[in-house]
Q: 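Provided herewith is a single structure, encoded as structure tokens, for subsequent inquiry.
Numbered from 1 within each chain, the chains take letters A, B, ... in sequence-line order.
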2 protein chains.
Amino acid sequence: MSKQPRTTQGVGTKGMPRKDRERLILEAAAEEFGVKGYAGGSTARVAALAGITKPMIYEYFGSKDSLYLTCLDEAGTRLVEAVASAQQGPSDLSRAVRTLEAVFRALASRLHDWELVYDATLPPDGPLHDAATAYRRELNRLGAVGVAEFLHASPEVEPLDADLVTHLWYGTVSAAVSWWRHHPEQTADEMAARFERVVAVLCPDLWAASDQRRQG
Amino acid sequence: MSKQPRTTQGVGTKGMPRKDRERLILEAAAEEFGVKGYAGGSTARVAALAGITKPMIYEYFGSKDSLYLTCLDEAGTRLVEAVASAQQGPSDLSRAVRTLEAVFRALASRLHDWELVYDATLPPDGPLHDAATAYRRELNRLGAVGVAEFLHASPEVEPLDADLVTHLWYGTVSAAVSWWRHHPEQTADEMAARFERVVAVLCPDLWAASDQRRQG
DNA sequence: CCAAAGTGACCGCTCGGTAAGTTACCCGAC
DNA sequence: GTCGGGTAACTTACCGAGCGGTCACTTTGG
């Protein structure tokens, strides 16, 4: 990290270019941390997954925290962008379906990204926790806007209730992603269609209303 | 564990009776494992929380796994009983509310019990994983029955969809418990009332239907 | 005085992280 | 063309800390 990184193959280059190796390590780290969590993940195993040894991890990323942080930033950015892009359009139940569809598409073949942001084994303070909290808060903010607009017709809902709904909503997203992890043969589109079907059954009237509004 | 336990104070008894110390340790362990998870939890910290030293933990429970298993059995039994007791009555949305209310009551001042059963840092095999899986499966079975009866009016729902709904339902329960952990000033009854209010807003028609049926 | 309760010190292991040495590559000299 | 030599890439071997777990010893109370 202290040395000047080279973007192209240069003198002394052995094996593969720095960028490629970096990607390989990041991919391995996302896999390891996504499955075993921050606390349970081991840098040596990340190295083995990437086909190198532990000191290389430290040559490239400096520390376990910094490595996790890099993965976290990529995952968090991807998720925030996906969710933000789905917030346009009508403020009804269809937005929830659109959001989940966007998340599914962003996460396709990268299912561990969600766990990276919502990892429960992160240290309770420090920069890692702060970064993860920032992404969660940003996602929460986006979700809360949707929830607020959705609940707008019901002014009797107090703020704490709205906060609970937002929390429940992300619990639902978490559960959907977790279910997907146990059924990896499903595609993102199939997952989105399945969720839409389920919503239609669970909230028939609200769904019919939004469906009608969308088609009318 | 190998020695004959004494239920009352006897010769050589120092400090407090065995049963009391056992409870103290179990309480400390549930706290530690509930907050830090199985992998992150340390027997030495459990001992410190209980006001003794590490070898006592092993005198009383033999191993970290055995200690966790004892906590897990208590938590799992409590939760299964609570959920099972709420499965009587009409098979509509009100059953979900009743179930969550029962869970909230069972968990009052023992919020970590839920994490004990759904701890993600448990080893991927072995007796601990088996035990936790058994409790999850039992809870899932109870939940699936409710979901099936609830979805009974919609025969077009395929089995995989029902499985997803069950998963989403427990994701919701998890999220509700997690929200409670962040708002510890709420009582179990307040939490139940809050959830009921939220359900009434989110699924107005279904809720009105079950409400009407319950009162008619 | 004796048995049970309780502890300090230790073992082997794995962790995150590091220092020092080895290997492979590019490039200029011949 | 090939042949060192310098530099970046990479590895082996190690450190201190904390883990689960154990043993020999001391304290305590009937």
Side-chain angles (χ1 to χ4, degrees), chain A residues 1-25 28-29 32-33 36-70 121-123 126-128, chain B residues 1-25 28-29 32-33 36-70 121-123 126-128:
Chain A
M1 295 300 263
S2 61
K3 294 166 189 166
Q4 190 76 0
R6 305 190 55 113
T7 54
T8 68
Q9 198 105 358
V11 294
T13 297
K14 182 168 150 188
M16 66 181 63
R18 223 181 153 86
K19 286 272 174 191
D20 293 12
R21 182 76 73 195
E22 219 170 283
R23 271 258 66 80
L24 217 64
I25 297 176
E32 168 79 1
F33 290 136
K36 309 236 182 187
Y38 167 81
S42 133
T43 54
R45 263 197 306 265
V46 172
L49 268 176
I52 51 173
T53 50
K54 199 169 49 164
M56 287 301 301
I57 304 282
Y58 289 86
E59 168 74 22
Y60 273 73
F61 293 95
S63 71
K64 181 187 188 181
D65 284 27
S66 172
L67 172 60
Y68 190 99
L69 189 57
T70 309
T121 74
L122 287 177
L128 270 188
Chain B
M1 296 298 262
S2 60
K3 295 167 190 167
Q4 190 76 359
R6 304 189 55 113
T7 55
T8 69
Q9 198 105 357
V11 293
T13 296
K14 181 169 150 188
M16 65 181 66
R18 225 181 152 86
K19 286 272 173 189
D20 294 11
R21 181 121 289 164
E22 218 169 284
R23 270 258 67 80
L24 217 64
I25 297 177
E32 168 80 1
F33 290 136
K36 309 237 181 185
Y38 167 80
S42 133
T43 54
R45 264 198 304 266
V46 171
L49 268 177
I52 49 171
T53 50
K54 199 168 53 165
M56 286 302 300
I57 303 283
Y58 289 86
E59 168 73 22
Y60 272 72
F61 293 95
S63 72
K64 181 186 188 181
D65 284 27
S66 173
L67 172 60
Y68 191 100
L69 189 57
T70 309
T121 74
L122 286 176
L128 270 188

Q: Ignoring backbone atoms, test whether A/Arg18 places a side-chain nitrogen or oxygen under 4.0 Å from the OP1 or OP2 oxygen of D/dA8.
A: no
Q: Has B/Lys64 got a side-chain atom pairing as donor or acceptor with B/Gly41's backbone, closer than 3.5 angstrom?
A: yes
Q: Rounded to the nearest Å, what distance is computed from the NZ atom of residue B/Lys19 to the C1' atom of nucleotide C/dA5?
A: 17 Å
Q: Send over the distance from B/Tyr58 OH to C/dA5 P, rounded to a whole Å.
A: 19 Å
Q: D/dA9 phosphate, OP1 or OP2: any side-chain N/O from A/Tyr60 under 4.0 angstrom?
A: no
Q: How close or far is atom P of D/dA9 from atom CG of A/Leu24, stated in whole angstroms?
A: 15 Å
Q: Are any of A/Arg21's side-chain N or O atoms less than 4.0 Å away from OP1 or OP2 of D/dA9?
A: no
Q: In whole angstrom, give the distance that lies between atom CG of B/Asp20 and atom C1' of C/dG6.
A: 16 Å
Q: Regarding B/Arg21 and the six-membered ring of B/Tyr60, is the cationic atom NZ or CZ under 6.0 Å from the ring centre and inside 45° of its axis?
A: no
Q: Is any side-chain heavy atom of A/Leu24 closer than 4.5 Å to a side-chain heavy atom of A/Met16?
A: yes
Q: From CG of B/Leu128 over to C1' of D/dG20, roughly how many Å is that when rounded to an integer?
A: 14 Å
Q: Nearest-Å distance, CZ (B/Phe61) to C1' (D/dG20)?
A: 16 Å
Q: For residues 43-52 of chain B, tabulate all N or O donor-acceptor pairs below 3.5 Å that involve a side-chain atom, not counting sequence neighbours.
A:
residue: B/Arg45; atom: NE; partner: B/Glu32; partner atom: OE2; Å: 2.8
residue: B/Arg45; atom: NH2; partner: B/Glu32; partner atom: OE2; Å: 3.2
residue: B/Arg45; atom: NH2; partner: B/Gly40; partner atom: O; Å: 3.1

Q: Just by modelled atom types, is the B/Gly37 backbone N or O under 3.5 Å from a matching donor or acceptor in the B/Thr121 side chain?
A: no
Q: Starting at atom OH of A/Tyr38, determine the distance to atom P of C/dG16, rounded to an integer number of angstrom.
A: 8 Å
Q: Quick check: do B/Asp65 and B/Tyr38 have side-chain heavy atoms less than 4.5 Å from each other?
A: yes
Q: If you define the side chain from C-beta out and look only at heavy atoms, does anything of B/Leu69 sit under 4.5 Å from B/Phe61?
A: no
Q: Which parts of residues 47-56 of chain B get close to DNA chain D, meaning a heavy atom less than 4.0 angstrom away?
A: B/Lys54, B/Pro55
Q: Assign B/Gly40 to base, sugar-phosphate, or nothing according to its heavy-atom contacts below 4.0 angstrom with the strands shown.
A: nothing
Q: To the nearest Å, give me how far apart CD1 (B/Ile57) and P (D/dT22) are.
A: 14 Å
